[in-house]
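Here the structure comes first, spelled out in structure tokens, and everything after it is commentary.
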Amino acid sequence: MHEFALYGLVSRDDHDRTLQQLAGYTRMQPQETTEIHLVFKPRKPLGLDHLPSAGGSQGVMQQDVQKLKTMLNAGLYYMQLIGEIVPQKSLVTENGDVAMSNGNDDGKPDTSAVRWSLDFKDTPEPGKQAVSTRLVSRIPMNDGNFVKFLDNFGYEYVSRYMVVGSRFYDHDTSLFVHKVLRLPQVPADEALRDTSFLTKTSELPEQDGSGGYLIQASIDVVDGNNPDLKDRATRQLLALKEALRQAVELTPGDRLALDTRVPLTS
Amino acid sequence: MTESKTFTVPIPPEGSSTSQDLPIQIQKIIAQKGHFRHVAERSLLAEIHGKALASEENGPRSEADGQTNEIEAPQELRERLWKSREEMLERLSYAQNEILCALDFVSLLISKQSIPAQSSMSPALKEAVPAGTLAAQTLKLKPLPSSVRQRLASTSQGWRLESFRSASNKLSAASSRLKADTERETEYWAQIADLTASGWAVSRLPRDSKAIGVHFGFPESAPRFRDRGFALLRQANDGAVILDKHLLERKRKWLGVYVNRHNVRTGFFCAQKPTTSRSRSISEQLTEMRDSLFEEELFYEICREARIVANQGVSTRAQAVDLEVGSGYHVSLVFAEDHDLETCANADDNTIAEFVAVSLRLLLNAAHQQNLIRRSQKPPPMTLKPRPLPEYPLVRPVLTHLRHKAEATAFWKSCQTLIRPFLQAELPVSIALEKSTSHVFGSLNMDASSTILSEMMLPAKAGCKISLTGGRSMQVGLATFLGPPLYGSRYETSAVDFGFSHIPSLRHETEETTVSFIRRVLLLDLVVHVESMIKEFNNVNKSERGTFREWRLAQPHNGEFTLCDSGEAVEKFKVAVLPESISIKWSNLGKGSATKYLIWTWTASKCTKADGTEVEPETDMTFGQAVDRILKGVI
């Protein structure tokens, strides 16, 4: 699956107005979304250190070793485990205390209220393009020990953060106005279960101190290499960009800022 | 002319402000110093001397002037000089020509009196005009008479008045026009404010910033209907808001529902009678347009759906869709401008027509709601295939319920017919409707959508409970659904255990098979009932009779009992459950004597006893008594 996307910025003062404009444009009410993002980093392949380092006197071996090293090191990408909070009736209570006691007393309802999925995003395709294109994959995770699964897969937990925002849908396009909140860092095992912060989302520190929001307009396409689909998705996004020109400026994202690769270490 | 040759013409100093044009300079000179004819050599000399005195006082400036003159190259100066000379000669010849013309004129004038004057006339003039033909006379200025002066004064005053009046008229006309404009605009905006207040969504067009339009359509309809739900609000001459004429002149069509039984119309319902009066408020016009758009969409969607359920007895024609409910009973949905409004006598069928009409409209609204819910969810990834627009469930739920009702009614009637003889025979068998149908069709659980009327999209279910003898009971369920997995009606019966035979939970496809199955269950139940009676009888009478002579259940599935005497059958009786009656047929097998037989029959209303030769009613006889008599052998 490929994702075609355009990105923009919404300042805090403009946030309400933008939401209203988008609601009018898409003829729907915003869908409030809360997501927990757990970041996983691939481990370095074992035995990499045993390879002779560059700059030795074995000039003949040098090239092969270098090649092998790049092969082992390249193509390592961060993965994310995204937990979307599914609003439940019990959570939506007027009294905050009730919801909190719900979270503390029995651990069961809260875990079931989070819909987990394993998310992989490639680095956007190079070249000057009208919209950012990249390969994405999202696998729903229903049951099991996710951290152990990823550990066996060669991924280790790094950190977590939260994304809150509003979603809009217009034909094939999803519009997501969101901001990133920092979460208290806990060990991997607890990161999945710990959802106590959900009741006090407003107190969490923001990543962007100005309180601004990001807006992402994206279209998921089954096969991004198909020229017809690519053309259609691009056209739709550009039409959206043109329609929202007065409200918010949408541009392709900076490729290096969207890079998901683990930096090369030698 | 000779004097002019001695003129010393000063060359004006170069400067951006001073014009080089000679006539202009001459004009300037005349304005400054008077006419040339007053300029004499002496006065010029005197002026030059005076200037020289003055220029000595500010010497440095003249020096500067001299310097600027010196800066110019002598070649250029000469050229400029020549050019000025040429120009001046041209002017002089022009002036000479003028002077000659004047001389001609004066000569001609005085040639009448003096002959010498003729000599100074130019030859051309002499040829053209004879001498002495022009006379001159001095006229005295005559004062205008006062009457004329007065008339002139009053005329001019009149003209002035006239112009004032016309200006005033023009201004007042402009003012009244502006006033009318204000009123028009006020009226227009007031009406638009009224529209907004009454809930219509009024907006500007993105393309044309001047136009104002109103949305009257349904935002969730299919695109082709959604786009039509918008009309421009135009301004009439008196400021009233009007709609485009072509929108109003469209023919309004409405969906009417007819119920036909055996080709006779027995029921009719049409939601709204279209009004045709011209003078209506804009809000009413919009309401009518909205309604007619809704009706059109409704019929369009019904036709679209009718195509996919064509295999279920739904036929489509150009302006009508027929729903075949069954047994010569069909519902027509007719889309036409005017309907046959004659009311039909059958109140029940009118109610059915109303039910169908109202349900269809509510279902379309529910489909709109469903569209909004679907649109508010994450869209699936884009593919090459265009996303299908699913048909709305409109006809299917309605037809499901109509069919279900017909089927359930027929089934209930058959069951009643089946049970009535049992009541006559005073057997403890009864049938009752049940609200809850959860124990049958447990497998047929569908997810109801969260829209209004979601219940109606589910399969229609009904159930009844047949209470049998000995505390046994059986549930019968009926479910109707036009879609998968049923594609029609289906019956399910719960499991019953009769001891000698266990009947599992079963499914039946038609009413006939279900009724015959129930008949069979009732027969088996009777058999068990009789068997228990025999057991009881045997227990009571064990001491009196020998064990060798005993009634036994011979063929349970045929309901046959035999009386065995020393291992040999001597008498038998058979219970039977027929569609409208139950019977006991007793016969002795005629060992040694003539065969005798006796039949009791219970129908819904009476009990009869048939005896080889004659039939006689036995009103009070019950099944229990009959069996008792057989067992005791008192026949």
Side-chain angles (χ1 to χ4, degrees), chain A residues 1-5 21-33 35 82 84 86 89 115 117 131 133 135-138 140 166-176 217-237 239 242-246, chain B residues 196 199-209 211-230 290 293-294 297 364-390 447-452 454:
Chain A
M1 194 163 71
H2 281 74
E3 180 194 71
F4 291 73
Q21 282 168 337
L22 290 180
Y25 181 76
T26 58
R27 297 174 292 125
M28 63 172 279
Q29 289 304 307
Q31 310 277 310
E32 295 305 327
T33 315
E35 288 176 354
I82 298 180
E84 193 184 339
V86 183
K89 291 283 190 295
R115 197 161 47 207
S117 59
V131 295
T133 314
L135 187 75
V136 293
S137 154
R138 178 164 291 175
S166 322
R167 281 185 196 278
F168 298 90
Y169 303 108
D170 179 43
H171 296 111
D172 296 307
T173 321
S174 312
L175 285 153
F176 188 26
S218 62
I219 296 182
D220 287 347
V221 172
V222 170
D223 177 15
N225 295 325
N226 186 315
D228 281 356
L229 282 176
K230 193 172 175 175
D231 190 46
R232 238 172 65 193
T234 311
R235 243 186 300 126
Q236 251 189 53
L237 275 178
E242 187 59 30
L244 294 179
R245 198 161 45 99
Q246 308 271 348
Chain B
T196 321
W200 296 103
V202 176
S203 75
R204 265 188 358 194
L205 272 183
R207 291 186 300 278
D208 183 2
S209 57
I212 287 183
V214 59
H215 300 262
F216 60 84
F218 294 81
E220 303 306 328
S221 357
R224 50 176 296 179
F225 290 100
R226 189 183 61 216
D227 295 347
R228 276 175 50 195
F230 182 81
R290 183 197 63 191
L293 188 67
F294 186 77
E297 185 189 356
L364 182 57
N365 260 327
H368 284 167
Q369 196 191 2
Q370 188 64 40
N371 274 353
L372 176 63
I373 291 172
R374 197 173 37 234
R375 209 158 54 77
S376 304
Q377 283 163 358
K378 190 175 169 59
M382 193 190 263
T383 55
L384 272 179
K385 265 188 286 180
R387 202 159 296 158
L389 204 64
D447 286 338
S449 56
S450 55
T451 52
I452 48 167
S454 55

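Given the structure is predicted, the values throughout are model-derived calculations rather than measurements.
Atom NZ of K378(B) has more than 12 neighbouring heavy atoms from other residues, nucleotides or ligands inside a 6.0 Å radius. Atom CZ of R204(B) has 12 or fewer neighbouring heavy atoms from other residues, nucleotides or ligands inside a 6.0 Å radius.
Proximity to chain A (any heavy atom under 4.5 Å) is restricted, for L372(B), to the side chain, taken from C-beta onward. With a threshold of 4.5 angstrom between heavy atoms, H171(A) approaches chain B through N, CA, C or O but not through any side-chain atom. Contact of D172(A) with chain B is made through backbone and side chain together, with heavy-atom distances under 4.5 Å. Contact annotation for Q29(A): neither backbone nor side-chain heavy atoms come within less than 4.5 Å of a heavy atom of chain B.
Between D170(A) and R375(B) there is no salt bridge, since none of the side-chain N atoms of the basic residue sits less than 4.0 Å from a carboxylate O of the acidic one.
Each of N226(A), D228(A), T173(A) has some count of heavy-atom pairs under 4.5 Å with chain B, and the biggest count is that of N226(A).
Here CG of L229(A) is found 7.0 Å from OG1 of T383(B). Values are rounded to the nearest 0.5 Å. D223(A) CG to M382(B) CE: the interatomic distance, rounded to the nearest 0.5 Å, is 12.5 Å.
No side-chain heavy atom of P381(B) sits under 4.5 Å from any side-chain heavy atom of V221(A).
Using a distance-only test at 3.5 Å, with no hydrogens or angles considered, no donor-acceptor pair links the side chain of R167(A) to the main chain of S376(B).
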